[in-house]
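Predicted model only: the values in this text are computed from it and were never measured.
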Amino acid sequence: MCPGAVSTSATAYREAWRRALEDPEGFWGERAQALTWERPWERVLDASHAPFYRWFTGGRLNTCYNALDRHVEQGRGEQAALIYDSPVTGTVARLSYRELRDQVARFAGALAAQGVARGDRVIIYMPMVPQAVVAMLACARIGAVHSVVFGGFAPHELAKRIDDAQPVMVISASCGIEVQRVIPYKPLLDEALELAHHRVGRCIVLQRPQVAATLVAGRDLDWSEAVAAAQPAACVTVEATDPLYILYTSGTTGKPKGVLRDHGGHAVALAWSMEAIYAMQPGDVFWAASDVGWVVGHSYIVYAPLLAGCTSILFEGKPVGTPDAGAYWRVVEQHKVNALFTAPTAFRAIKKEDPAGALIARHDLASLRTLFLAGERCDPDTVQWAQQQLRVPVIDHWWQTETGWPVAANCRGLTPLPVKPGSASVPVPGYDVRVLDDSGSAVAAGTIGNIVIRLPLPPGSLPTLWQNDEGYRDSYLARFPGYYLTGDAGYIDADGYVWIMSRIDDVINVAGHRLSTGAMEEVLAGHPDVAECAVIGVGDALKGQLPLGLVVLKAGVARPHAQLRQELIERVRQQIGALAAFRHVAVVTRLPKTRSGKVLRATMRAIADSQGYAMPATIDDPRALEEIAAALRPLGYAEGVRT
Ligand code: COA
Ligand code: AMP
């Protein structure tokens with residue numbers, strides 16, 4: 001749908017949106033001039049292998065050069081590139097563009113000295129410390145492909161990513177810090193390396209003062225020793241289409257998808273997004289309160305702010321508890337943050353502890369121009385509360401790990417549009433967003449359907465999955481030929497605004513973290529007493545959604561259910577990680593299914609959330625639904641459902 005109904009005064013936005021689709025080569029070719037290329041591209045958009053599209057083929061550049069060296073050479077060397085603010089360690093540190101460039105060059109030299117070369121994969125499993133950013137940029141500097149794994153994932157999940165990416169090295173740290181809890185990372189890494197089939201020859205470990213990691217002789221190197229012995233490495237130019245990173249994300253199965261990102265298209269899209277969407281200029285201070293382990297952290301803590309010459313905040317803390325719900329406002333005031341980007345969950349947590357905004361009122365937030373929210377559906381109440389408290393525009397915008405940058409947003413740097421709470425605003429230039437029904441026909445404005453993006457996707461979006469073209473085609477392109485399937489359901493209203501309502505698959509979103517119920521089902525099914533299971537996402541006032549497990553036990557299992565439930569909860573924590581927040585599991589005698597054996601997950605979700613539901617015509621045994629409702633009530637769900 002063309003966002004043509006958007007006010008006719010929205011000229012800059014409308015013009016950019018139209019041109020990006022009608023003349024993508026002209027539009028993106030101009031945007032690419034903002035970067036430094038070692039060799040210009042031959043084709044802006046290469047459709048020779050459609051539906052696999054490539055951007056800027058033939059061009060050569062280095063992303064790290066564009067993010068750091070270029071700014072130093074152009075006189076921005078003394079400006080802060082990164083401000084590390086860590087309430088959990090009581091640290092605030094400032095790294096200028098020159099200092100960050102020098103640290104990255106040295107660490108890149110350390111990687112090269114260990115034999116890491118262009119195209120090699122390097123896994124980074126680190127907490128929110130500047131060295132995580134240094135490690136990412138150092139890989140980019142020498143053309144190695146990084147794959148950052150969120151620190152909250154358990155060894156089993158880390159091992160899956162090691163096996164898929166086949167890294168030559170893992171970079172980690174001795175610990176992470178969760179509010180007041182120190183979490184040793186090295187034992188988790190050691191376990192993952194044991195579990196993985198792929199053998200990793202080298203690890204570099206940052207020793208943090210809170211915990212000293214035990215290093216394995218012959219395999220593990222101390223970060224500071226590796227750096228002390230290293231010479232700075234120069235930037236290695238790569239093809240624009242070469243991989244910059246792999247970021248694993250949850251799909252419907254337990255096997256995560258390796259989203260691939262290239263160098264050229266990524267740098268062009270991200271640099272432009274800073275001015276067009278976030279209205280940031282070089283020298284402005286941008287704070288994405290996320291984690292480098294997620295796509296938001298990759299794009300808007302690391303690459304985009306640096307490509308755009310901004311100062312980026314790296315915050316090692318939480319919206320509440322470090323030390324209180326005023327932490328965000330302290331950071332905004334202290335570092336004169338111009339734009340804050342976080343997940344709605346963070347705001348719900350702050351609102352819960354400081355409903356009247358007393359802690360907000362204690363701080364001077366004059367520098368703050370805009371609040372951006374993404375990562376999960378944002379309820380209108382949260383948008384309105386944030387607007388009242390902060391008195392700045394609150395912009396919900398929608399994107400995914402796959403796209404790497406926003407698909408729908410209120411482009412503040414083009415034409416600010418009116419805010420409609422609950423909507424992610426309009427398609428960003430480069431994205432042709434449509435809504436199709438299950439047969440592939442376009443639906444009328446306001447009608448819910450499958451949200452798709454007409455191919456080609458713009459620069460910066462995934463060109464494919466890591467070494468898995470077939471998986472890319474099957475997961476995203478096969479359902480509606482000519483379109484990319486986002487996996488989200490929603491509608492576009494008569495004004496062209498996009499409303500994201502839910503997922504069409506078994507992906508859930510817990511506190512802005514994307515998780516697969518399929519992966520949790522695999523873990524539950526692995527318990528020796530479980531015959532069958534299902535995991536569904538249920539509504540939660542704070543975290544948006546929480547996973548809830550339903551298990552059927554094998555015949556003859558007579559152990560107390562309370563003990564079994566505890567074991568299952570612990571199992572998910574151990575195998576996926578605490579971030580799954582898996583706390584609810586009910587034992588039932590059967591799962592509701594269709595006569596062909598398909599588990600009725602959507603109906604169970606509706607029951608758990610006390611929504612109305614129609615008895616599925618194809619249900620095998622209606623009594624199974626009654627049992628589900630009865631089993632969920634003691635857990636605080638399905639209370640409004642009377643069967
Ligand atoms: N390493 C180890 N463990 C981690 C971790 C990490 N990097 N990140 C989270 N965990 C653990 C937490 O300690 C917690 O463990 P617990 O169950 O033992 O308490 C669990 O994983 C869940 O963590 P989290 O989702 O952070 O929930 P919380 O209850 O600790 O905090 C909020 C609640 C709302 C403060 C928090 O969810 C939050 O800040 N949400 C915003 C998320 C966000 O910004 N997402 C970015 C996407 S844009
Ligand atoms: P991730 O890949 O982890 O960034 O998660 C992407 C998914 O999060 C999307 O497919 C949506 O389901 C959800 N999501 C992200 N941003 C929004 C938003 N602004 N509104 C609604 N859902 C969102």
- [ ] For Ser475 and Gly471, indicate whether the former's side chain and the latter's backbone hold a donor-acceptor pair under 3.5 Å.
- [x] yes
Open item on the list: My understanding is that only residues two or more places apart in sequence, or in another chain, count here; which of them pass side-chain contact (heavy atoms from CB on, under 4.5 Å) with Ala279?
Closed with: Arg412
Open item on the list: Between Val148 and Tyr245, is there a side-chain heavy-atom distance shorter than 4.5 Å?
Closed with: no
- [ ] Could you pull out all residues at least two apart from Arg514 that satisfy salt bridge (Lys or Arg N to Asp or Glu O under 4.0 Å)?
- [x] Glu402
Open item on the list: Holding to side-chain hydrogen bond (donor to acceptor under 3.5 Å, both in side chains), I want the full list of residues that pass it with Tyr300, two or more places apart in sequence or in another chain.
Closed with: Ser273
Task: Close side-chain approach of Leu100 and Val134, heavy atoms under 4.5 Å - done: yes
- [ ] Flag the pair Ile123 / Ile162 as yes when at least one side-chain heavy-atom distance between them is below 4.5 Å, and no otherwise.
- [x] yes
Open item on the list: Run the salt bridge (Lys or Arg N to Asp or Glu O under 4.0 Å) test against Glu470 and tell me which residues pass, sequence neighbours left out.
Closed with: none
Open item on the list: Would the distance check show the side chain of Asn410 and the main-chain N or O of Pro416 forming a donor-acceptor pair, the cut-off being under 3.5 Å?
Closed with: no
Open item on the list: Can a donor-acceptor pair be found, under 3.5 Å and without considering hydrogens, that links the side chain of Asp488 to the backbone of Ile451?
Closed with: no
Open item on the list: Within the supplied structure, the quantity of interest is the number of heavy atoms (other residues, nucleotides, ligands) at a distance under 6.0 Å from Arg473 CZ; does it exceed 12?
Closed with: no
TODO: Check for a donor-acceptor pair, side chain of Gln166 on one end and backbone N or O of Arg121 on the other, with a separation under 3.5 Å.
DONE: no
TODO: Could I get the full list of ring-ring contact (aromatic ring centres under 6.0 Å, His included) partners for Phe107, not counting sequence neighbours?
DONE: Trp223
TODO: Say whether, by atom type as modelled, one donor and one acceptor occur between the side chain of Thr370 and the main chain of Pro393 under 3.5 angstrom.
DONE: no
Open item on the list: Testing the 3.5 Å rule here: is there a donor-acceptor pair between the side chains of Trp499 and Asp493?
Closed with: yes
Task: Test item: Asp163 side-chain N/O and Lys160 main-chain N/O as donor-acceptor pair under 3.5 Å - done: no
TODO: Check whether any side-chain N or O of Arg454 sits under 3.5 Å from a backbone N or O of Arg434 as a donor-acceptor pair, and report yes or no.
DONE: no
TODO: Please examine the side chains of Glu239 and His263, heavy atoms only from C-beta on, and report whether any two atoms are closer than 4.5 Å.
DONE: no
Open item on the list: Strictly below 4.0 Å, N to O, side chains only: are Arg60 and Asp242 in salt-bridge contact?
Closed with: no
Task: Trp17 side chain to Tyr431 backbone, donor-acceptor under 3.5 Å - done: yes
Task: Residue pair Val259 / Arg261, side-chain heavy-atom distance below 4.5 Å - done: yes
Open item on the list: The test is side-chain contact (heavy atoms from CB on, under 4.5 Å); show your working for Ser312 and Phe286 and say whether it passes.
Closed with: CA-CA 5 Å; Ser312 180; Phe286 192 78; 5.6 Å; no
- [ ] For the residue pair His397 and Tyr278, confirm or rule out a side-chain donor-acceptor distance under 3.5 Å.
- [x] yes
Task: Distance-minimising heavy-atom pair for Gln281 and Cys310 - done: O-SG, 3.4 Å
Task: Student check: side-chain heavy atoms of Arg141 and Asp69 closer than 4.5 Å - done: yes
Open item on the list: Leu373 vs Ile395, test: side-chain contact (heavy atoms from CB on, under 4.5 Å). Steps then yes/no.
Closed with: CA-CA 6 Å; Leu373 298 174; Ile395 307 301; over 6 Å; no
Task: Passing option when Tyr65 is tested against His71, Glu73, Glu38 for side-chain hydrogen bond (donor to acceptor under 3.5 Å, both in side chains) - done: Glu73
TODO: Decide, yes or no, whether a salt bridge links Asp495 with Lys420 under the criterion of side-chain N to carboxylate O below 4.0 Å.
DONE: yes
Task: Plane angle bin for Tyr472 and Tyr476 - parallel if under 30°, tilted between 30 and 60°, otherwise perpendicular - done: tilted
TODO: Decide, yes or no, whether a salt bridge links Arg19 with Glu30 under the criterion of side-chain N to carboxylate O below 4.0 Å.
DONE: yes
- [ ] Describe, in one word, how the ring planes of Trp37 and Phe56 are oriented to each other, choosing from parallel (under 30°), tilted (30 to 60°) and perpendicular (over 60°).
- [x] tilted
TODO: With sequence neighbours excluded, tell me which residues meet side-chain hydrogen bond (donor to acceptor under 3.5 Å, both in side chains) with Arg161.
DONE: Glu157
Open item on the list: Atom NE2 of residue position His198 - does it have more than 12 heavy atoms of other residues, nucleotides or ligands inside 6.0 Å?
Closed with: yes
TODO: Indicate whether any N or O donor in one side chain lies under 3.5 Å from an N or O acceptor in the other, for Thr464 and Asp469.
DONE: yes
Using residues 289-298 as the side-chain source, report each donor-acceptor pair under 3.5 Å to any protein atom, sequence neighbours left out, with the distance given to one decimal.
{"unit_1": "Asp291", "atom_1": "OD1", "unit_2": "Gly293", "atom_2": "N", "d": "2.7"}
{"unit_1": "His298", "atom_1": "ND1", "unit_2": "Val292", "atom_2": "O", "d": "3.0"}
{"unit_1": "His298", "atom_1": "ND1", "unit_2": "Trp294", "atom_2": "O", "d": "3.1"}

Open item on the list: Could you tell me if Arg76 and Gln79 have a donor-acceptor pair between their side chains, going purely by distance under 3.5 Å?
Closed with: yes
Task: Test ring-ring contact (aromatic ring centres under 6.0 Å, His included) applied to Trp466 - qualifying residues, sequence neighbours left out - done: none
- [ ] Search all heavy atoms of Ala81 against all heavy atoms of Leu306 and return the closest pair with its distance.
- [x] O-CD2, 3.7 Å
Task: Donor-acceptor contact below 3.5 Å, side chain Thr403 vs main chain Gln400 - done: yes
Open item on the list: Could you check whether any side-chain heavy atom of Val428 comes within less than 4.5 Å of a side-chain heavy atom of Val407, counting everything from C-beta outward?
Closed with: no
Task: salt bridge (Lys or Arg N to Asp or Glu O under 4.0 Å) partners for Arg43, two or more places apart - done: Glu25
Open item on the list: Parallel, tilted or perpendicular: which one describes the rings of Trp28 and Trp272, with boundaries at 30° and 60°?
Closed with: perpendicular
Task: Backbone N/O of Tyr13 and side chain of Thr415: donor-acceptor pair under 3.5 Å - done: yes
Task: Residues which pass salt bridge (Lys or Arg N to Asp or Glu O under 4.0 Å) with Glu42, listed by chain and number, not counting sequence neighbours - done: none
Open item on the list: Looking only at the side chains, is there a donor atom on one of Trp287 and Asp85 sitting less than 3.5 Å from an acceptor on the other?
Closed with: no
Task: Cationic N near anionic O, under 4.0 Å, Arg18 to Asp23 - done: no
Open item on the list: Checking Arg503 now: which residues fulfil side-chain hydrogen bond (donor to acceptor under 3.5 Å, both in side chains) with it, not counting sequence neighbours?
Closed with: Asp505
Task: Non-neighbouring partners of Asp437 that pass side-chain hydrogen bond (donor to acceptor under 3.5 Å, both in side chains), sequence neighbours left out - done: Ser439
Task: Over-ring placement of Arg54 relative to Phe52, 6.0 Å and 45° cut-offs - done: no
TODO: Indicate whether any N or O donor in one side chain lies under 3.5 Å from an N or O acceptor in the other, for Tyr248 and Asp164.
DONE: yes
